[in-house]
Amino acid sequence: MRGKGILRSVLCVAAMLSLGCAAWAALPDGNVRVGVVMPTSGTLAYDGGLTLNGVKMAVDEINAAGGVSGHKVELFIEDSAGVPATAVAAMEKLVGMQKVVAVIGDFGSSGTLAMMDVAKRSQTPLITPISLAPKITELGNIWTFRGCDSSEMIAKSFTKWAVAEKKLDKWAFIGVNTDYGRGSVDAFSKKVKDLGGEVVYTEYFQQGETDYYPIITKLKASSANALCMLGETVDLSRVVSQFHEMGLQEKITIMDPTSGTFNPKFLELAKAKANGIIGASRFVASIKTPKAEKFVADYQKRYNIPPEKYAQAGYDVAHMVAMAVKNADSTDTAKVREALAKIEYEGPQGKAHFDAKNQLQIGEYIIVVKDGKFEIVAGPIMAE
Amino acid sequence: MNLLEARDISVSFGGLKAVEGVDLSVNEGEIMTLIGPNGAGKTTAFNLITGFLAPDRGTVAFRGRDITGLPPHDIAALGLVRTFQKTNIFAETTVEHSIAIGFHTRLKAGLGSIVFGGADARAEGREVRERAREILEFTGLAPWAAHLGKNLPYGKQRMLSIALALAANPALLLLDEPATGLNPVETKELIDIIYRIRDERKITVFLIEHNMNLVISISDRIAVLNYGQKIAEGSPAQVSRDPAVIEAYLGRGFRHAS
Amino acid sequence: MLMVFLQQALNGIILGCIYALIALGLSLIFGILEVANFAHGEFYMLGAFMALFSMSGLGVSFFPALLIAMIGMGIIGALIERAVFRPIVGKPLINSMLLSFGLSTALANLALLLFGADPQKIESGLADYHLRFFGLHLTAERLMVLVVSVALVILLAWFIQSTRTGKAMRAVSQDRVAAQLAGINVSRIYTITFAISGALAAAAGTMVGAMFFVSPEMGFSVVLKCFIIIALGGFGKIRGVIVAAVMIGLAESLGGGFISYAYKDAYPFLLLVLLFMLKPQGLTGGSGR
Amino acid sequence: MLLSVKGLSAHYGRVQALSSVDLDAPEGSIVTLIGANGAGKSTFMMAVSGVLRSISGAIEYDGRRIDGLPSDEIVRLGLSQCPEGRRVWPKMTVLENLEMGAFSVGDASLVRERLERVYSHFPILEQRSAQLAGSLSGGEQQMLAIGRALMSGPRLLMLDEPSLGLAPIVVEHLVEIIREIRNSGTTIILVEQNAFMALGLADTAYVLETGRVALSGKASELLKNDTVRKSYLGV
């Protein structure tokens, strides 16, 4: 048995060498190898861990149901630590040594943007479950997919609702100083101005920052009636508590439109101060569709916390990759990429497909935090 | 003309008058000594003369030119060079190289030509090596030329600090307690070199010293400070007989001991 | 605009007080043992966790937890001095830099393993009380931070200035051999120095844990900032370090508020460069006498 | 015999600084060590004080081995040293320097008494008591260093070049003080460049050359010894 296996792998390698990147007509023996690059250390470790939860749950589901056409999905997980250079090294390792069919990652837009070159050079599909920077799908890199909404899509849906329905016209922005933060602030500012609103204050902070008093103090002195925060769970929970310490909650509506904070950890950290935060999300645990309800129940059972959109994104993206491999009936990365671009998927967040730029098309729910729960107040609103 | 002329120099720290209305003059070609009890203000007077301290009052003139308030390196460039109580040498540099550095601080070739090795700098390099050699011979440090400063015996370290001062080409050399910590044999060598500095190199010498054997034997004139004021001045014989000096500094046992 | 300026200044002073607590300990260690302790930020981090677990595990309230953290880190600091730093006292600085850097990484990773990456908050229960005076805004929690850190700094200054042990610490820092010859047990002074520094770092960590969060990586950036403070304030000068700490706090707060917050970590460095250009002797450096 | 040293060898790194030195200091006597700079005199004192630890041989004090004891315990047993080069704490006041000299003394009234005695030896120190030691002149610092060494109330006092940088009148005074300290029962080991003064004061003398005892004997006899006169007295 063992000898036969080795012989086969030798033949495979020989075949690959002689044919370059040859294609198999059908799925070869062995597991479907999928790479994941996520921050499991550093300031993004918590959020990255949520996405990884979703990925692992999806893979276990797929394997329990017999795998992809009888082949088990095997994950190869690398830590990006939230550092673009580390993410690139991780991706190189996955495509070079592990020979994965596709890579899921990174969390931060900067990491994803950095890995996109590797995807193109190695001709391996890269699908990010979370990175929101509009640039990612604007660069025309056909090997990169975004398995979630972009901040521009959220911006369109959210500002339409906030400016028109809630009459919020003087906006302040606090964003993390990354591609995601700056990209999102630009996208939202533009939409607010297009809709006749005014941007009165914009400031950025470094990831992992603790002290926001200088920003909050300036915010207090500004004429803003809406604060739009763009960042991750831990950073934004500090912003929120310092926002309350300065007593701004009566004067300013606080919003987290990309809902980076809509997760149990945030509720634990911010407690009652989370109440009233308004956001938009393609997914929330209170969506009442059969797919969503099953996902929420399974996730709750498995991890003892309700899922949020990071876990959902990981879950959906892993399913999408498996579906693409199945549709392609091949582990040839070019065929998987083609199949992924044509996918018709339905997950907990609803029906979705990729547009010509590999951007997933889905709708947004408007959500508000109330007594530690996420309530849907509107939606789904489509971007166009 | 007096080579050095300090008039009415005064300085106080906090409320303490460290030096108060002191006149000091040094004639060209003489060996002059400043003595006085510990804390009388001798080193402070040296600091005032060499620009390490600015006087509250009074003037310092060198070769007839007013140098009051000039920074130390400008004063040194005029030819008024000092050594310090604490031996001040380059510990991690060889003796020969230390002296070469001493030259470089005052030579004319610009930094640019030193870095890029211009003709000026090369000519200077030769000159420096020759003159460093000459000073090594003069001070008896030639056998130690290749040793690191920190590895010299204590007496040779003190000699090196004098050699460094000589490299700066002084007209007036101020030595602050050069014999401190030297044994009687080393003290004799020091006396010898001070005479030769004066006689062979035509450098005037002004020193602070407690070793009265040395002071009495080499000084042409002695000035005495006590509590920041000058209490006596004159030849060694005059000063050592002065009752005020015996009372404040020498002690009654002095005549007997020497 | 004036009110914004004053509010930013107040925020900066509070931040500076925290920096002072950490930097003073680091400066004491540097001055007395002549070792650089890059793991000092981890003392601050472990102190914060100790307070957190005292509250969640033992159920004590904030101030007893602060005290427990200080005592606990005092003991751990002393043990670390004996086990890690004692053998390299008197060796070139690079030894302690490398060793403490390793210790810093080891402690941070140990904390990551034991406590997880999740940031957690210490509930002082004071953040919801607000004080408003002359148009300025202060929570009771920040007032507490101000009062406790000023009190600790005064206590430390008094200890070093006036007690027998404090004088012995100064003696060791100025001339170790002379201190030995005077009958001072130098090893004991080293241990005490680490204990005091550990306790101060724990106090700072606990208060930061209340104002912000406790997490395994909280120590790293703070220790670099504190080395800047020590460089600014002059090595081994208590008053200089306090002034420098408050200056850094103000620079971050005012620079962050009025120039750009995204680059606020650059302001301390800029301040350092500026000061070295204008006053090479350091903040409290005299005119040479 | 208050101090008895047998076969003392010491190293600074790889440099052998002392090799097999024997020395005896009878109670109540003044013993002087003379020799060139670097002959090992200061090393000897640092070894006896327990500061220099890489030593071999036996050091017996009052009938008890003290080699290997930490320096603070040695001070507590009654040995005190005024080191070469003053080594006062420059950023502490004169009074603090003196107080720290009595670090091993618990009794506050005893400390006060000794402080009075030091002030009577060196009145200038009393005038300067609130000044920082670093602001004193070199000679004043030397007085402070001697005063500090006396504060622990030693039975054995080791003075390393105490006359360095002192005015002649102070040196004269110092000679009286050393006699007085000896007469009050303290044994003294004295290292001096001023060999005339040292040999004049001491009962016994040891001449060190490159870490070895080259000569020893009664001080009055060494004063007449030709080699000593030529090499160390310069006559």
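The sequence lines fix the lettering, A, B, ..., with proteins before strands; numbering per chain opens at 1. None of these values were measured; they are calculated from a predicted model. Computation of the quantities below employed the complete heavy-atom set of this structure, encompassing side-chain atoms and omitting hydrogens, waters and symmetry-equivalent molecules.
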Taking the side chain as everything from C-beta on, heavy atoms only, tell me whether D:Gln193 gets closer than 4.5 Å to B:Leu182.
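D:Gln193 does not reach B:Leu182 side chain to side chain.
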Step through the shown structure and confirm whether more than 12 heavy atoms of other residues, nucleotides or ligands are within 6.0 Å of CZ on B:Arg221.
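Yes - once you tally the heavy atoms of other residues, nucleotides and ligands closer than 6.0 Å, there are more than 12.
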B:His210 vs D:Ile169 side-chain heavy atoms within contact, under 4.5 Å:
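The answer is no; the side chains never approach within 4.5 Å.
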Under 4.5 Å from a heavy atom of chain B, the part of D:Ser163 involved:
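Contact with chain B involves no heavy atom of D:Ser163 at all.
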Please classify the contact between B:Glu247 and chain D as side chain, backbone, both or neither, with a heavy-atom cut-off of under 4.5 Å.
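Answer is backbone: N, CA, C or O of B:Glu247 sit under 4.5 Å from chain D.
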Region of B:Ala248 that comes under 4.5 Å of a non-hydrogen atom in chain D:
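Contact with chain D is through the backbone of B:Ala248 alone.
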Largest heavy-atom contact set with chain B, pairs under 4.5 Å, which of D:Ser137, D:Ala167, D:Gly139:
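Sorted descending by pairs with chain B, the first entry is D:Ala167.
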Distance-only donor-acceptor hits, side chain of residues 178-190 of chain D, under 3.5 Å, sequence neighbours excluded:
residue  : atom : partner  : partner atom : Å
D:Arg182 : NH1  : D:Asp203 : OD2          : 2.8
D:Asn183 : ND2  : D:Arg179 : O            : 3.3
D:Ser184 : OG   : D:Ile181 : O            : 2.7
D:Thr186 : OG1  : D:Pro154 : O            : 3.2
D:Thr187 : OG1  : D:Gly28  : N            : 2.9

For B:Tyr227, look at atom OH and say whether over 12 heavy atoms of other residues, nucleotides or ligands are found less than 6.0 Å away.
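Open: at most 12 neighbouring heavy atoms sit under 6.0 Å from OH of B:Tyr227.
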Under 6.0 Å from the CZ atom of B:Arg198, do we count more than 12 heavy atoms belonging to anything else shown?
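Counting other residues, nucleotides and ligands, CZ of B:Arg198 exceeds 12 neighbours.
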D:Glu192 side, atom CD; B:Asn183 side, atom CG - distance, nearest 0.5 Å
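With rounding to 0.5 Å, CD (D:Glu192) is 11.5 Å from CG (B:Asn183).
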Quick one: does B:Asn38's side chain have a donor or acceptor within less than 3.5 Å of a partner on D:Gly165's backbone?
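A pair under 3.5 Å: yes.
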Where is the tightest heavy-atom contact between D:Arg128 and B:Leu16, given as atom of each residue plus distance?
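Distance-wise, the nearest heavy atoms are NH1-CD1, 4.3 Å.
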Between atom CG of D:Leu166 and atom CG of B:Asn211, what is the distance when rounded to the nearest 0.5 Å?
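Rounded to the nearest 0.5 Å, the CG-CG separation comes to 12.5 Å.
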Within the supplied structure, the quantity of interest is the number of heavy atoms (other residues, nucleotides, ligands) at a distance under 6.0 Å from B:His97 NE2; does it exceed 12?
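For B:His97, atom NE2 is not crowded (no more than 12 foreign heavy atoms under 6.0 Å).
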Side-chain touch D:Pro168/B:Tyr249, heavy atoms, less than 4.5 angstrom
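In contact.
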